[in-house]
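So the structure is just underneath, and the comments pick up after that.
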Amino acid sequence: AQTVTQSQPEMSVQEAETVTLSCTYDTSESDYYLFWYKQPPSRQMILVIRQEAYKQQNATENRFSVNFQKAAKSFSLKISDSQLGDAAMYFCAYRTNNAGNMLTFGGGTRLMVKP
Amino acid sequence: KAGVTQTPRYLIKTRGQQVTLSCSPISGHRSVSWYQQTPGQGLQFLFEYFSETQRNKGNFPGRFSGRQFSNSRSEMNVSTLELGDSALYLCASRQMMNTGELFFGEGSRLTVL
């Protein structure tokens, strides 16, 4: 069974600085997707960034980028120029190529942003 | 375009009762899935529906069931409620089963007393 592990229950960053959230996963599949979702206090989950396993290039979305290390099964999220609005729970998630919407989530990392 | 709408947002039930939660996906989205979020177990996949058929099911007891209507709206039902069923139930929709971004609703917060 696939598992996703986020080893940092809480992280704190100063506004305008950079923070990296860690995620590791375990799978025997070769074709899969990885995601980072953000869940603000309002609770609505929002997709931050996605990475296809077959792509060697790390995904980037504005201030958000990932470091995808397929051999190490590691998928970290880097947030640059942190803003107060980045404060939220961040979840790493995995799904295989043909698994529909069946995501496996990590336990989450609570990110606090200090002004 | 309206987002994923879940009703009710909050509800309180007692043990042994049953509950039905509703989810209206984004217009045009045909795939709907449900997740349970608890502090102890985190986010867990419940089931997924596409074209009124259950396509995938998570590891939950038979007390948890769902369905999807022809207009893609979905309901999930939990019978014989237990204290451990207290959770945030999230619905998510997508255009098709394996393409497009997954959009989540704000959830229905169920408290079982």
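Nothing here was measured: the structure is a model prediction, and the numbers come from that model.
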Margin query: Tell me whether the count of non-hydrogen atoms from other residues, nucleotides or ligands lying under 6.0 Å of NZ in A/K78 goes above 12.
Written below: no
Notebook entry, point to check: Same cluster for A/M11 and A/F105 if Ile/Leu/Val/Met/Phe/Trp/Tyr side chains link at under 4.5 Å?
Noted result: no
Note to self: Tell me if the CZ atom of A/R63 is crowded by more than 12 foreign heavy atoms within 6.0 Å.
What the structure shows: yes
Notebook entry, point to check: Between NZ of B/K57 and CE of A/M102, what distance do you get to the nearest 0.5 Å?
Noted result: 12.0 Å
Margin query: Suppose we screen for salt bridge (Lys or Arg N to Asp or Glu O under 4.0 Å). Which residues come up paired with B/E75, at least two apart in sequence or across chains?
Written below: B/R67, B/R73
Checklist line | Residue A/Y37 versus chain B: region with a heavy atom under 4.5 Å | finding: side chain
Check: Given a strict heavy-atom distance threshold of 4.5 Å, which part of B/Q44 is in contact with chain A: side chain, backbone, both, or neither?
Finding: neither
Checklist line | Contacts of type salt bridge (Lys or Arg N to Asp or Glu O under 4.0 Å), residue A/D26, not counting sequence neighbours | finding: A/K73
Notebook entry, point to check: Under a 4.5 Å side-chain heavy-atom rule over Ile, Leu, Val, Met, Phe, Trp and Tyr, are A/Y90 and A/F35 clustered together?
Noted result: no
Next item on the list: Please assess A/F91 against B/Q37 for the test side chain to side chain contact (heavy atoms under 4.5 Å, CB included), listing each intermediate value before the final yes or no.
Entry: CA-CA 12 Å; A/F91 293 95; B/Q37 186 175 20; 3.5 Å; yes
Notebook entry, point to check: Between B/Y35 and chain A, which part of the residue has a heavy atom less than 4.5 Å away: side chain, backbone, both or neither?
Noted result: side chain
Note to self: Please determine whether side chain to side chain contact (heavy atoms under 4.5 Å, CB included) holds for the pair A/N101 and B/R55, giving the CA-CA distance in whole Å, both sets of side-chain angles, and the decisive distance to 0.1 Å.
What the structure shows: CA-CA 9 Å; A/N101 293 339; B/R55 302 291 177 159; over 6 Å; no
Check: Mind checking which of residues 78-93 of chain B sit less than 4.5 Å from chain A, heavy atom to heavy atom?
Finding: B/L88, B/L90
Check: When rounded to the nearest 0.5 angstrom, what distance separates CD in A/Q44 from CZ in B/F104?
Finding: 10.0 Å
Checklist line | Contact leader toward chain A among B/L46, B/L102, B/V32, where contacts are heavy-atom pairs under 4.5 Å | finding: B/L102
Note to self: I need the contact set between residues 8-18 of chain B and chain A: heavy-atom distance under 4.5 Å, sorted by residue number.
What the structure shows: B/R9, B/Y10
Next item on the list: Check the hydrophobic clustering (I, L, V, M, F, W, Y; side-chain heavy atoms under 4.5 Å; chains of links allowed) and say if A/L21 and A/F64 are grouped together.
Entry: yes
Next item on the list: Determine whether A/L103 and A/L34 fall in the same hydrophobic cluster, where Ile, Leu, Val, Met, Phe, Trp and Tyr are linked whenever their side-chain heavy atoms lie under 4.5 Å apart.
Entry: no
Margin query: For B/Q41, I'd like to know if atom CD has over 12 heavy atoms of other residues, nucleotides or ligands within 6.0 Å.
Written below: no
Next item on the list: Give a yes or no on whether A/M89 and A/I49 share a hydrophobic cluster (residues Ile, Leu, Val, Met, Phe, Trp, Tyr; joining criterion: side-chain heavy atoms under 4.5 Å apart).
Entry: no
